[in-house]
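No hydrogens, no waters, no symmetry mates; every other heavy atom, side chains included, goes into these values.
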There are 2 protein chains.
Amino acid sequence: MTVRPPLEPDAAADPLGEDLLRAIGPLMRRLRTESNAGGLSWSQRVVMGRLTREGAATTADLARAENVKPQSMGATLAALEGEGLVARTPHPTDGRQFLYELTEKGSATRDEYRSLKRDRLAAALTALDEEEIAALRAALPVLRHLGEN
Amino acid sequence: MTVRPPLEPDAAADPLGEDLLRAIGPLMRRLRTESNAGGLSWSQRVVMGRLTREGAATTADLARAENVKPQSMGATLAALEGEGLVARTPHPTDGRQFLYELTEKGSATRDEYRSLKRDRLAAALTALDEEEIAALRAALPVLRHLGEN
DNA sequence: TATTGTTATACTCTATAACTATA
DNA sequence: TATAGTTATAGAGTATAACAATA
(Lines give C-alpha, C1' and ligand atoms only; values in the text may rest on other atoms or scores of the structure.)
Protein backbone atom coordinates (compact mmCIF):
# COMPACT_ATOMS: atom_id res chain seq x y z
CA MET A 1 0.00 0.00 0.00
CA THR A 2 1.57 3.25 -1.06
CA VAL A 3 0.80 6.57 0.48
CA ARG A 4 -1.61 8.46 -1.66
CA PRO A 5 -2.33 12.11 -1.65
CA PRO A 6 -5.68 12.63 0.04
CA LEU A 7 -8.44 12.18 -2.48
CA GLU A 8 -10.90 14.96 -2.83
CA PRO A 9 -14.00 13.28 -1.49
CA ASP A 10 -16.18 14.91 -4.08
CA ALA A 11 -13.96 13.93 -6.91
CA ALA A 12 -14.05 10.36 -5.71
CA ALA A 13 -17.66 10.02 -4.73
CA ASP A 14 -19.53 12.17 -7.14
CA PRO A 15 -18.98 10.36 -10.39
CA LEU A 16 -20.20 7.15 -8.81
CA GLY A 17 -23.17 8.91 -7.26
CA GLU A 18 -24.06 10.61 -10.50
CA ASP A 19 -23.59 7.48 -12.52
CA LEU A 20 -25.88 5.71 -10.12
CA LEU A 21 -28.43 8.49 -10.38
CA ARG A 22 -28.32 8.35 -14.15
CA ALA A 23 -28.60 4.59 -14.29
CA ILE A 24 -31.46 4.39 -11.85
CA GLY A 25 -33.65 7.12 -13.30
CA PRO A 26 -34.64 5.38 -16.51
CA LEU A 27 -34.71 1.99 -14.84
CA MET A 28 -37.06 3.24 -12.18
CA ARG A 29 -39.38 4.76 -14.77
CA ARG A 30 -39.38 1.55 -16.67
CA LEU A 31 -40.17 -0.48 -13.59
CA ARG A 32 -42.97 1.84 -12.70
CA THR A 33 -44.44 1.98 -16.17
CA GLU A 34 -44.29 -1.71 -16.92
CA SER A 35 -45.43 -2.70 -13.47
CA ASN A 36 -48.62 -0.84 -14.15
CA ALA A 37 -49.58 -3.12 -17.00
CA GLY A 38 -52.36 -5.26 -15.61
CA GLY A 39 -53.77 -2.78 -13.17
CA LEU A 40 -51.35 -3.15 -10.28
CA SER A 41 -49.11 -0.24 -9.53
CA TRP A 42 -45.51 -0.73 -8.64
CA SER A 43 -45.97 0.05 -4.96
CA GLN A 44 -48.89 -2.31 -4.84
CA ARG A 45 -46.84 -5.09 -6.34
CA VAL A 46 -43.98 -4.49 -3.98
CA VAL A 47 -46.31 -4.64 -1.00
CA MET A 48 -47.95 -7.80 -2.24
CA GLY A 49 -44.55 -9.36 -2.69
CA ARG A 50 -43.61 -8.48 0.82
CA LEU A 51 -46.81 -9.90 2.25
CA THR A 52 -46.20 -13.07 0.31
CA ARG A 53 -42.69 -13.51 1.55
CA GLU A 54 -43.06 -12.27 5.08
CA GLY A 55 -46.68 -12.88 5.94
CA ALA A 56 -49.08 -10.60 7.77
CA ALA A 57 -47.92 -7.11 8.61
CA THR A 58 -49.27 -3.80 9.85
CA THR A 59 -49.31 -0.50 8.03
CA ALA A 60 -46.48 0.79 10.15
CA ASP A 61 -44.40 -2.35 9.56
CA LEU A 62 -44.77 -2.04 5.82
CA ALA A 63 -44.12 1.68 5.86
CA ARG A 64 -40.88 1.17 7.73
CA ALA A 65 -39.85 -1.67 5.45
CA GLU A 66 -40.42 0.39 2.35
CA ASN A 67 -39.21 3.60 3.86
CA VAL A 68 -42.36 5.59 3.25
CA LYS A 69 -44.66 7.42 5.63
CA PRO A 70 -47.47 5.43 7.23
CA GLN A 71 -50.00 7.64 5.49
CA SER A 72 -48.54 6.75 2.12
CA MET A 73 -48.54 3.06 2.91
CA GLY A 74 -52.09 3.42 4.17
CA ALA A 75 -53.15 4.72 0.78
CA THR A 76 -51.48 1.83 -1.02
CA LEU A 77 -53.07 -0.70 1.30
CA ALA A 78 -56.48 0.93 0.98
CA ALA A 79 -56.25 0.59 -2.79
CA LEU A 80 -55.28 -3.07 -2.51
CA GLU A 81 -58.06 -3.69 -0.03
CA GLY A 82 -60.52 -1.99 -2.36
CA GLU A 83 -59.53 -4.45 -5.06
CA GLY A 84 -59.96 -7.35 -2.69
CA LEU A 85 -56.31 -8.31 -2.99
CA VAL A 86 -55.51 -7.87 0.68
CA ALA A 87 -57.68 -8.11 3.76
CA ARG A 88 -57.11 -6.81 7.23
CA THR A 89 -57.98 -8.15 10.64
CA PRO A 90 -57.67 -6.39 13.98
CA HIS A 91 -54.42 -7.03 15.75
CA PRO A 92 -55.02 -9.64 18.44
CA THR A 93 -53.44 -7.69 21.28
CA ASP A 94 -53.06 -4.09 20.11
CA GLY A 95 -56.36 -2.40 19.45
CA ARG A 96 -54.78 0.32 17.34
CA GLN A 97 -53.32 -1.94 14.72
CA PHE A 98 -54.53 -4.07 11.84
CA LEU A 99 -52.84 -7.04 10.28
CA TYR A 100 -52.87 -7.14 6.50
CA GLU A 101 -52.67 -10.36 4.53
CA LEU A 102 -53.03 -11.40 0.92
CA THR A 103 -56.44 -12.76 0.08
CA GLU A 104 -56.86 -15.78 -2.17
CA LYS A 105 -57.60 -13.39 -4.97
CA GLY A 106 -54.40 -11.55 -4.11
CA SER A 107 -52.34 -14.72 -4.26
CA ALA A 108 -53.96 -15.74 -7.51
CA THR A 109 -53.30 -12.33 -9.01
CA ARG A 110 -49.72 -12.55 -7.96
CA ASP A 111 -49.27 -15.99 -9.47
CA GLU A 112 -50.88 -14.79 -12.64
CA TYR A 113 -48.47 -11.90 -12.88
CA ARG A 114 -45.51 -14.15 -12.47
CA SER A 115 -46.57 -16.69 -15.06
CA LEU A 116 -47.48 -14.02 -17.58
CA LYS A 117 -43.91 -13.11 -18.40
CA ARG A 118 -45.70 -9.98 -17.67
CA ASP A 119 -43.26 -7.29 -18.63
CA ARG A 120 -40.37 -6.69 -20.86
CA LEU A 121 -38.11 -6.31 -17.89
CA ALA A 122 -38.46 -10.02 -17.20
CA ALA A 123 -37.49 -10.68 -20.79
CA ALA A 124 -34.56 -8.30 -20.51
CA LEU A 125 -33.42 -10.10 -17.40
CA THR A 126 -33.50 -13.51 -19.00
CA ALA A 127 -31.55 -12.10 -21.92
CA LEU A 128 -28.65 -11.12 -19.68
CA ASP A 129 -25.57 -13.27 -19.85
CA GLU A 130 -24.17 -14.96 -16.79
CA GLU A 131 -21.60 -12.31 -16.15
CA GLU A 132 -24.21 -9.59 -16.17
CA ILE A 133 -26.47 -11.54 -13.88
CA ALA A 134 -23.58 -12.09 -11.50
CA ALA A 135 -22.76 -8.39 -11.56
CA LEU A 136 -26.35 -7.54 -10.78
CA ARG A 137 -26.62 -10.02 -7.96
CA ALA A 138 -23.37 -8.84 -6.45
CA ALA A 139 -24.62 -5.27 -6.44
CA LEU A 140 -28.02 -5.97 -4.93
CA PRO A 141 -26.87 -5.96 -1.31
CA VAL A 142 -25.06 -2.70 -1.89
CA LEU A 143 -28.12 -1.16 -3.50
CA ARG A 144 -30.26 -2.34 -0.63
CA HIS A 145 -27.82 -0.89 1.83
CA LEU A 146 -27.77 2.44 0.04
CA GLY A 147 -31.53 2.50 0.14
CA GLU A 148 -31.59 2.16 3.89
CA ASN A 149 -32.03 5.31 5.82
CA MET B 1 -20.86 -27.58 -20.69
CA THR B 2 -23.39 -30.18 -19.61
CA VAL B 3 -26.90 -30.40 -20.90
CA ARG B 4 -29.30 -28.91 -18.42
CA PRO B 5 -32.98 -29.47 -18.14
CA PRO B 6 -34.70 -26.34 -19.43
CA LEU B 7 -34.97 -23.80 -16.66
CA GLU B 8 -38.39 -22.47 -15.89
CA PRO B 9 -37.90 -18.89 -17.00
CA ASP B 10 -39.99 -17.54 -14.18
CA ALA B 11 -38.19 -19.55 -11.58
CA ALA B 12 -34.93 -18.20 -12.90
CA ALA B 13 -35.88 -14.62 -13.61
CA ASP B 14 -38.40 -13.69 -11.02
CA PRO B 15 -36.34 -13.79 -7.87
CA LEU B 16 -33.78 -11.54 -9.50
CA GLY B 17 -36.47 -9.26 -10.83
CA GLU B 18 -38.19 -9.05 -7.49
CA ASP B 19 -34.95 -8.57 -5.63
CA LEU B 20 -34.11 -5.77 -7.98
CA LEU B 21 -37.52 -4.24 -7.48
CA ARG B 22 -37.14 -4.39 -3.75
CA ALA B 23 -33.65 -2.98 -3.75
CA ILE B 24 -34.45 -0.12 -6.06
CA GLY B 25 -37.67 1.06 -4.45
CA PRO B 26 -36.20 2.41 -1.24
CA LEU B 27 -33.07 3.62 -3.00
CA MET B 28 -35.12 5.55 -5.49
CA ARG B 29 -37.18 7.15 -2.75
CA ARG B 30 -34.05 8.10 -0.95
CA LEU B 31 -32.50 9.61 -4.03
CA ARG B 32 -35.64 11.55 -4.71
CA THR B 33 -36.06 12.78 -1.18
CA GLU B 34 -32.49 13.77 -0.61
CA SER B 35 -32.12 15.28 -4.03
CA ASN B 36 -34.90 17.63 -3.12
CA ALA B 37 -32.91 19.18 -0.32
CA GLY B 38 -31.94 22.60 -1.59
CA GLY B 39 -34.87 23.15 -3.84
CA LEU B 40 -33.86 21.14 -6.87
CA SER B 41 -35.92 18.10 -7.66
CA TRP B 42 -34.32 14.90 -8.74
CA SER B 43 -35.35 15.25 -12.38
CA GLN B 44 -34.06 18.77 -12.40
CA ARG B 45 -30.73 17.66 -11.09
CA VAL B 46 -30.45 14.85 -13.56
CA VAL B 47 -31.19 17.22 -16.42
CA MET B 48 -28.66 19.74 -15.15
CA GLY B 49 -26.09 16.98 -14.94
CA ARG B 50 -26.76 15.96 -18.46
CA LEU B 51 -26.48 19.52 -19.75
CA THR B 52 -23.20 19.88 -17.91
CA ARG B 53 -21.71 16.74 -19.34
CA GLU B 54 -23.13 16.85 -22.83
CA GLY B 55 -23.74 20.50 -23.52
CA ALA B 56 -26.73 22.13 -25.15
CA ALA B 57 -29.67 19.96 -25.99
CA THR B 58 -33.28 20.22 -27.09
CA THR B 59 -36.36 19.14 -25.20
CA ALA B 60 -36.75 16.13 -27.46
CA ASP B 61 -33.08 15.16 -27.02
CA LEU B 62 -33.38 15.23 -23.27
CA ALA B 63 -36.70 13.43 -23.27
CA ARG B 64 -35.25 10.62 -25.32
CA ALA B 65 -32.16 10.43 -23.17
CA GLU B 66 -34.20 10.19 -19.99
CA ASN B 67 -36.90 8.07 -21.53
CA VAL B 68 -39.75 10.39 -20.69
CA LYS B 69 -42.30 12.08 -22.92
CA PRO B 70 -41.35 15.45 -24.39
CA GLN B 71 -44.20 17.09 -22.47
CA SER B 72 -42.76 15.84 -19.22
CA MET B 73 -39.30 17.05 -20.07
CA GLY B 74 -40.84 20.33 -21.14
CA ALA B 75 -42.28 20.77 -17.67
CA THR B 76 -38.94 20.04 -16.03
CA LEU B 77 -37.14 22.47 -18.31
CA ALA B 78 -39.76 25.15 -17.78
CA ALA B 79 -39.24 24.88 -14.04
CA LEU B 80 -35.47 25.15 -14.43
CA GLU B 81 -35.87 28.07 -16.78
CA GLY B 82 -38.17 29.75 -14.30
CA GLU B 83 -35.44 29.51 -11.70
CA GLY B 84 -32.91 30.94 -14.10
CA LEU B 85 -30.82 27.78 -14.01
CA VAL B 86 -31.11 27.05 -17.70
CA ALA B 87 -31.69 29.30 -20.68
CA ARG B 88 -32.86 28.50 -24.14
CA THR B 89 -31.98 29.90 -27.51
CA PRO B 90 -33.65 29.19 -30.83
CA HIS B 91 -32.06 26.42 -32.80
CA PRO B 92 -29.88 27.95 -35.51
CA THR B 93 -31.33 25.98 -38.40
CA ASP B 94 -34.58 24.42 -37.20
CA GLY B 95 -37.21 26.97 -36.30
CA ARG B 96 -39.20 24.48 -34.23
CA GLN B 97 -36.50 23.71 -31.73
CA PHE B 98 -34.77 25.37 -28.83
CA LEU B 99 -31.37 24.65 -27.41
CA TYR B 100 -31.17 24.57 -23.64
CA GLU B 101 -27.98 25.32 -21.74
CA LEU B 102 -27.01 25.82 -18.15
CA THR B 103 -26.76 29.45 -17.14
CA GLU B 104 -23.98 30.74 -14.94
CA LYS B 105 -26.36 30.55 -12.07
CA GLY B 106 -27.10 26.98 -13.05
CA SER B 107 -23.44 26.05 -13.07
CA ALA B 108 -22.88 27.77 -9.79
CA THR B 109 -25.83 25.98 -8.24
CA ARG B 110 -24.52 22.71 -9.47
CA ASP B 111 -21.05 23.34 -8.09
CA GLU B 112 -22.57 24.35 -4.81
CA TYR B 113 -24.51 21.12 -4.62
CA ARG B 114 -21.45 19.06 -5.26
CA SER B 115 -19.24 20.79 -2.75
CA LEU B 116 -21.91 20.71 -0.07
CA LYS B 117 -21.53 16.99 0.46
CA ARG B 118 -25.12 17.69 -0.04
CA ASP B 119 -26.79 14.50 0.92
CA ARG B 120 -26.33 11.47 3.02
CA LEU B 121 -26.11 9.34 -0.05
CA ALA B 122 -22.74 10.85 -0.84
CA ALA B 123 -21.62 10.00 2.67
CA ALA B 124 -22.99 6.49 2.33
CA LEU B 125 -21.09 6.08 -0.89
CA THR B 126 -17.80 7.17 0.58
CA ALA B 127 -18.38 4.75 3.45
CA LEU B 128 -18.51 1.77 1.10
CA ASP B 129 -15.49 -0.49 1.05
CA GLU B 130 -13.61 -1.16 -2.14
CA GLU B 131 -15.35 -4.41 -2.82
CA GLU B 132 -18.76 -2.79 -2.56
CA ILE B 133 -17.72 0.05 -4.81
CA ALA B 134 -16.41 -2.43 -7.34
CA ALA B 135 -19.67 -4.36 -7.22
CA LEU B 136 -21.63 -1.18 -7.76
CA ARG B 137 -19.48 -0.05 -10.66
CA ALA B 138 -19.69 -3.44 -12.29
CA ALA B 139 -23.46 -3.38 -12.10
CA LEU B 140 -23.93 0.12 -13.47
CA PRO B 141 -23.76 -0.86 -17.15
CA VAL B 142 -26.27 -3.62 -16.52
CA LEU B 143 -28.60 -1.23 -14.72
CA ARG B 144 -28.28 1.27 -17.54
CA HIS B 145 -29.01 -1.43 -20.06
CA LEU B 146 -32.08 -2.58 -18.16
CA GLY B 147 -33.32 0.99 -18.08
CA GLU B 148 -33.17 1.26 -21.86
CA ASN B 149 -36.36 0.72 -23.67
C1' DT C 1 -46.59 10.61 26.29
C1' DA C 2 -45.81 7.78 22.35
C1' DT C 3 -47.67 5.10 18.72
C1' DT C 4 -51.15 3.60 15.17
C1' DG C 5 -54.00 4.76 12.02
C1' DT C 6 -57.08 8.23 9.45
C1' DT C 7 -58.41 12.36 6.92
C1' DA C 8 -57.37 16.47 4.36
C1' DT C 9 -54.48 18.81 1.37
C1' DA C 10 -50.73 19.66 -1.79
C1' DC C 11 -46.67 18.83 -4.57
C1' DT C 12 -43.75 16.25 -8.04
C1' DC C 13 -43.41 13.39 -11.83
C1' DT C 14 -45.34 11.57 -15.51
C1' DA C 15 -48.85 10.40 -18.95
C1' DT C 16 -52.44 11.15 -22.77
C1' DA C 17 -54.82 14.14 -25.83
C1' DA C 18 -55.35 18.05 -28.70
C1' DC C 19 -53.25 21.91 -30.72
C1' DT C 20 -49.84 25.11 -33.43
C1' DA C 21 -45.75 25.87 -36.00
C1' DT C 22 -42.13 24.30 -38.76
C1' DA C 23 -39.66 20.79 -41.73
C1' DT D 1 -46.77 13.86 -43.28
C1' DA D 2 -43.72 13.94 -39.59
C1' DT D 3 -41.54 16.29 -35.88
C1' DA D 4 -40.92 19.97 -32.02
C1' DG D 5 -42.96 22.19 -28.79
C1' DT D 6 -47.13 23.90 -25.91
C1' DT D 7 -51.35 23.69 -23.20
C1' DA D 8 -54.81 21.27 -20.61
C1' DT D 9 -56.01 17.60 -17.81
C1' DA D 10 -55.46 13.51 -15.02
C1' DG D 11 -53.44 9.95 -12.17
C1' DA D 12 -49.93 7.71 -9.13
C1' DG D 13 -46.97 8.28 -5.39
C1' DT D 14 -45.63 10.65 -1.75
C1' DA D 15 -45.35 14.28 1.85
C1' DT D 16 -46.91 17.34 5.84
C1' DA D 17 -50.28 18.60 9.17
C1' DA D 18 -53.97 17.78 12.30
C1' DC D 19 -56.75 14.49 14.63
C1' DA D 20 -58.79 10.31 17.25
C1' DA D 21 -58.03 6.04 19.50
C1' DT D 22 -55.18 3.06 22.03
C1' DA D 23 -50.91 1.71 24.60
Side-chain angles (χ1 to χ4, degrees), chain A residues 21 24-48 56-83 86 88-100 147 149, chain B residues 21 24-48 56-83 86 88-100 147 149:
Chain A
L21 214 71
I24 285 199
L27 176 54
M28 178 207 77
R29 286 187 207 103
R30 178 174 188 176
L31 287 170
R32 191 172 51 201
T33 304
E34 298 192 0
S35 290
N36 276 348
L40 279 182
S41 79
W42 178 33
S43 330
Q44 288 170 357
R45 263 180 59 187
V46 171
V47 167
M48 288 177 72
T58 68
T59 305
D61 290 338
L62 292 164
R64 273 189 291 267
E66 283 300 316
N67 207 3
V68 298
K69 299 297 170 193
Q71 299 96 314
S72 305
M73 185 53 69
T76 299
L77 287 168
L80 285 172
E81 198 183 9
E83 296 290 330
V86 307
R88 65 181 189 175
T89 52
H91 192 283
T93 65
D94 187 330
R96 297 169 301 181
Q97 302 185 65
F98 293 91
L99 283 170
Y100 285 87
N149 220 353
Chain B
L21 214 70
I24 286 200
L27 176 54
M28 178 207 76
R29 287 188 204 99
R30 177 174 188 176
L31 287 170
R32 190 174 51 203
T33 305
E34 298 190 0
S35 290
N36 275 348
L40 279 182
S41 80
W42 180 31
S43 330
Q44 288 170 357
R45 261 179 59 185
V46 171
V47 167
M48 288 177 72
T58 68
T59 304
D61 290 339
L62 293 164
R64 272 189 292 265
E66 285 299 317
N67 207 3
V68 297
K69 298 296 169 195
Q71 299 96 314
S72 306
M73 184 53 69
T76 300
L77 287 167
L80 286 171
E81 197 183 10
E83 296 290 329
V86 307
R88 66 180 189 173
T89 52
H91 192 284
T93 64
D94 187 331
R96 298 169 302 179
Q97 301 185 64
F98 294 91
L99 283 169
Y100 285 87
N149 220 351

* Among the candidates dT22(D), dA15(D), dG5(C), find the nucleotide nearest to the side-chain atoms of Arg96(A). => dT22(D)
* Answer whether the closest heavy-atom distance between the side chains of Met28(A) and Arg32(A) falls below 4.5 Å. => yes
* **Under-4.0 Å side-chain N/O to phosphate OP1/OP2 contact, Ser43(B) with dT12(C)** => no
* Examine dT14(D): is either OP1 or OP2 under 4.0 Å from a nitrogen or oxygen in the side chain of Thr33(B)? Give yes or no. => no
* Find the distance Met28(A):CE to dA12(D):P and express it as a whole number of Å. => 16 Å
* Structure fact -> 5'-most contact on DNA chain D (nearest-nucleotide basis), Thr76(A) vs Arg64(B), goes to Arg64(B)
* Asked: Gln71(A) has a side chain; which of dT22(C), dT6(C), dT12(C) sits nearest to it?
  -> dT6(C)
* Once you round to the nearest 0.5 Å, how far does CG of Leu77(B) lie from CZ of Arg88(B)? -> 9.0 Å
* Asked: Can you check whether Thr59(A) has a side-chain N or O nearer than 4.0 Å to OP1 or OP2 of dT4(C)?
  -> no
* To do: Kindly compute the distance separating CZ (Arg29(A)) from OG (Ser72(B)), expressed to the nearest 0.5 Å.
  => 9.0 Å
* Asked: Side-chain N or O of Arg88(B) less than 4.0 angstrom from OP1 or OP2 on dA4(D)?
  -> no
* **Closest to side chain of Ser72(A), choosing from dG5(D), dT14(D), dT6(C)** => dT14(D)
* Structure fact -> Taking dG13(D), dC13(C), dG5(C) as options, the one with an atom nearest any side-chain atom of Thr58(A) is dG5(C)
* Asked: When the distance from CZ of Arg45(B) to C1' of dT12(C) is rounded to whole Å, what number comes out?
  -> 15 Å
* To do: Specify the separation, in whole Å, of atom CE of Met73(B) and atom P of dG5(D).
  => 11 Å
* To the nearest Å, how far apart are Leu77(A) CG and dT4(C) C1'? -> 13 Å
* To do: Using heavy atoms to find the nearest nucleotide of DNA chain C for Asp94(A) and Arg29(A) separately, return the residue whose nucleotide is more 5′.
  => Asp94(A)
* Asked: Can you check the Phe98(A) CZ to dA21(D) C1' distance for me, whole Å?
  -> 10 Å
* State the CE-CD distance between Met48(B) and Glu83(B), to the nearest 0.5 angstrom. => 10.0 Å
* Structure fact -> By nearest-nucleotide position on DNA chain D, the 5'-leaning member of Ser41(A) and Gly95(A) is Ser41(A)
* To do: Check the distance between dA4(D)'s P and Lys69(B)'s NZ and give it to me in whole angstrom.
  => 13 Å
* To do: May I have the distance from Leu40(A) (atom CG) to dG13(D) (atom P), rounded to whole angstrom?
  => 10 Å
* NA contact type, Gly74(B), heavy-atom cut-off 4.0 Å: base, sugar-phosphate, or nothing? -> nothing
* Look at the side chain of Glu81(A) and the backbone N and O of Ala78(A), then say whether any donor-acceptor pair between them is shorter than 3.5 Å. => no
* Mind calculating the distance between CG (Leu27(A)) and P (dT14(C)) to the nearest angstrom? => 13 Å
